[in-house]
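Input: a single structure, listed below in structure tokens.
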Amino acid sequence: MSSENGQQTGGAEGAPPEQLALIRESVRKAKAPRAKPRTWRGAALAGELPVARVLVDKGALHLDRYFDYAVPEELDADAQPGVRVRVRFGAGRHRVREGRREGGGLIDGFLVERLAESDYSGPLAALAQVVSPEPVLGEELLALARAVADRYAGSLADVLQLAVPPRSARAERRPSPGPLPPPSAPAPGPWERYEQGPAFLGSLASGGAPRAVWNALPGPHWSEELARAVAATLASGRGALVVLPDGRAVARVDAALTELLGEGRHAVLTADAGPEKRYARWLAVRRGAVRAVVGTRAAMFAPVRDLGLVAVWDDGDDSHSEPHAPQPHAREVLLLRAAQDRCGFLLGSWNCTVEAAQLVETGWARPLVAGRERVRAAAPLVRTVGDGDLARDEAARAARLPSLAWQAAREGLRHGPVLVQVPRRGYVPRMACAGCRAPARCRHCFGPLQAQGSDDLRCAWCGREEDGWHCPECGGFRLRAQVVGARRTAEELGRAFPAVPVRTSGREHVLDTVPGTPALVVSTPGAEPVAEGGYAAALLLDGWAMLSRPDLRAGEDALRRWIGAAALVRPQSAGGTVVVVAEPTLRPVQALVRWDPVGHAVRELAERDELGFPPVSRMAAVSGPGEAVAEFLRAVELPARAEILGPVPLPVTPPGRPRRPGAPPPGEHWDRALVRVPPGNGAALTAALKSAQATRMARGGSIPVWVRIDPPDIG
DNA sequence: GTAGCCAGGAAA
DNA sequence: TTCCTGGCTACC
């Protein structure tokens, strides 16, 4: 033993675990070639399983592995798998100067496993602290986080940050209530309306693991249907998890569950409860006191015991996509869970995403749909206003609203509230020729022109300013906005129907419900309040804006938003009418008229398959400064059948716009390449990207690139 | 990420 | 010879 070490240990009575680092230091100094876990002289280690495998809480990809630490005797009892710990990590050589140790800060981690010995050949440092004896990271959650990290080419630590809420000591001290016995199986209720509905519930109640893509009938029963699926699962003695796109949807299912099962059987996990409350609820789930969870996307990781069902509602809503690294999508996470836990799976929506259609096409899930006659009976009448109608429509030109829409509003207001769906504010209006209505396009890249300030025209794709526009079709010089703004529409409608109250629902102020009395309800997509008894009519006014987006998902998105509004309207038999201002020949418009979102998704899927687009192919985006992207692409060892598209320049972020992850900072020019692989090669692709990224990060100096699996905005 | 190691160059 | 910086690697 070196004198340095002797002084240190000798000077401190009952040396704390940290002192072990000093011993380790001396061992290193001595450079004695020795085998596996060192014996710690001067400090007692746990008698059994003295090695703790720890996941250090650092997102860096090249640290995405476990580190072994020695377990001091005094931490032996608390240092159980799953607990939070603190360890010394950082530059290894903990120097001692003037009696103090330096370097290597304390960092958080999770104890993953206790072992008899380490496979690490060097000397082990000791656990510094067990933060709390509460085991928060169970085996299943760890396996799930691992799978999600692999699926998204991210680090385990990043995923755990999403999966395990921050600790609150007070919440931990509070005991959770004891678990309730399973309830009895519910009656199918509104599930009777679906051919396979009662069978699906029956399977859940009897311990089965059915997997279904459920195309929900329009109307308000979906939340009760979800609640019954949860209740059926609980009846089998298993747990259930429902992930919803927003707080309003959570509140509906929460209410339905409370009505069906009373209080205490389910937990609501949303971000808006404070951290302590949130952690307390999460703990109650983790401890097995509560067997069912409803929540927004963070709940996708909820550690429900003995999972029997995972369900997601409206997977097309982009709030199911987690914005934090590695940006997993709730649907995909629940798919992984269903596979891992062999539990039931339910993907429900009024609409149908291409991904949902694929689950059915591949045979992984069964369709859960109502017969056509039921659909027709539940859906409103949908009428379209196309270009031709508009051109002929004197009233539309004068008042910016087609006469059919006026008629529908007037008629609807005699029977109840009328919903008016308008583009979201901040949705910069696209411009069209005032004469012939041809969309105004950039003369350089053919991107859509949009109005910036009062007269300032700019291309939405390349950002170039346009000052001498004239229409290439008819030679006209006058432009008009293609879409009508929300406030303006509200004002105009208010003036036209002075006796009727006008209510608005949008970003800042979202209305939850409106009464069934006549009123104009102006709303942006996704913020539509539910009307008591349903709306008498709906006007969908943003068709052009929705469909002219240069995005692969433009059609699907438009249909989703229209269906989201139209599903709140009374059935046709009760006079419910929807007017959509969009070209009736377009595929999403036809799908709305026929109320056939599944057919639409199936056709889209076939097309994407042909084009080699996701979700049939797996795709990843690599973005960053041109040189960095090029360098990354040179370095990455892609699977054999991978294909690199691009790189191409990304649109420049306009100044003042909040920067999204993966988008260039304002003023910087970035490139983006897409990498795609055929079906079945997704894992190889993410592994390759992850390892290339890890090597880059490990040596500093190289400019970082962003890697995004399943990029949402491929155009 | 970050400390420490080592190599290579400038300063003395 | 000494000191400093920059690049590189390990971190248990």
Side-chain angles (χ1 to χ4, degrees), chain A residues 4 16-40 43 45-46 49-72 75-76 79 81 83-98 100-131 137 149 154-161 324-326 628 631 635 661 690-707:
Chain A
E4 177 187 290
E18 288 187 18
Q19 290 288 355
L20 294 170
L22 303 176
I23 305 171
R24 192 178 131 281
E25 171 61 16
S26 75
V27 169
R28 182 175 278 266
K29 278 240 168 90
K31 293 220 161 134
R34 240 176 287 176
K36 302 219 176 159
R38 302 283 142 77
T39 321
W40 302 95
L45 289 187
L49 306 176
V51 175
R53 188 146 279 181
V54 171
L55 178 88
V56 296
D57 195 8
K58 282 235 175 191
L61 278 176
H62 57 284
L63 294 178
D64 198 13
R65 56 205 164 96
Y66 301 130
F67 290 87
D68 288 348
Y69 286 80
V71 182
L75 298 183
D76 184 22
V83 301
R84 301 177 207 257
V85 293
R86 314 243 303 149
V87 293
R88 291 263 164 219
F89 192 83
R93 280 139 284 260
H94 299 154
R95 290 222 152 188
V96 177
R97 247 179 239 154
E98 295 166 26
R100 292 215 183 138
R101 52 178 315 295
E102 295 181 355
L106 276 179
I107 83 166
D108 293 317
F110 295 97
L111 200 162
V112 163
E113 205 182 354
R114 287 282 294 268
L115 301 165
E117 50 183 270
S118 170
D119 52 13
Y120 179 63
S121 57
L124 301 185
L127 291 180
Q129 191 191 343
V130 172
V131 176
L137 180 59
S155 74
L156 187 54
D158 276 349
V159 178
L160 287 177
Q161 202 128 38
H324 296 106
E631 193 190 302
K690 188 168 170 175
S691 106
Q693 185 74 311
T695 335
R696 279 176 68 81
M697 302 297 268
R699 72 186 113 92
S702 48
I703 308 151
V705 296
W706 291 83
V707 173

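Below, each value reflects all heavy atoms present in this structure, side chains not excepted, and no hydrogens, waters or symmetry copies. Since we're looking at a predicted model, the values are computed, not measured. Here is the naming used below: chain letters follow the sequence lines, and residue numbers restart at 1 for every chain.
The nearest whole Å value for the distance from the CD1 atom in A:Ile107 to the P atom in C:dC12 is 10 Å. One interatomic measurement links the two molecules: OH of A:Tyr69 to C1' of C:dC11, which rounds to 7 Å at whole-angstrom precision. Remark: P of C:dC11 and CG of A:Leu106 are 18 Å apart, rounded to the nearest angstrom. With rounding to whole Å, A:Phe89 atom CZ is found 13 Å from B:dA3 atom P. Following rounding to the nearest Å, A:Leu115 (CG) and C:dC12 (P) show an atom-to-atom distance of 17 Å. Taking atom CG of A:Asp108 as the reference point, atom C1' of B:dG1 lies 15 Å away to the nearest angstrom. Atom-to-atom, CZ of A:Arg65 to C1' of C:dC11 comes out at 7 Å; the value is rounded to the nearest Å. For A:Asp68 and C:dC12, the CG to C1' distance is 6 Å, given to the nearest whole Å.
With hydrogens and angles ignored, the 3.5 Å screen pairs a side-chain donor or acceptor of A:Tyr69 with a backbone N or O of A:Arg88. Of the possible polar contacts, none joining the A:Arg53 side chain to the A:Pro81 backbone as a donor-acceptor pair under 3.5 Å is found. Under a 3.5 Å cut-off, the side chain of A:Gln161 and the backbone N or O of A:Asp57 do not form any donor-acceptor pair.
Where stacking is scored as ring centres under 5.5 Å apart with planes under 30°, A:Phe67 does not register as stacked on the base of C:dC12.
Annotation: side chain of A:Leu115 is not in contact with side chain of A:Leu49 (no heavy-atom distance under 4.5 Å).
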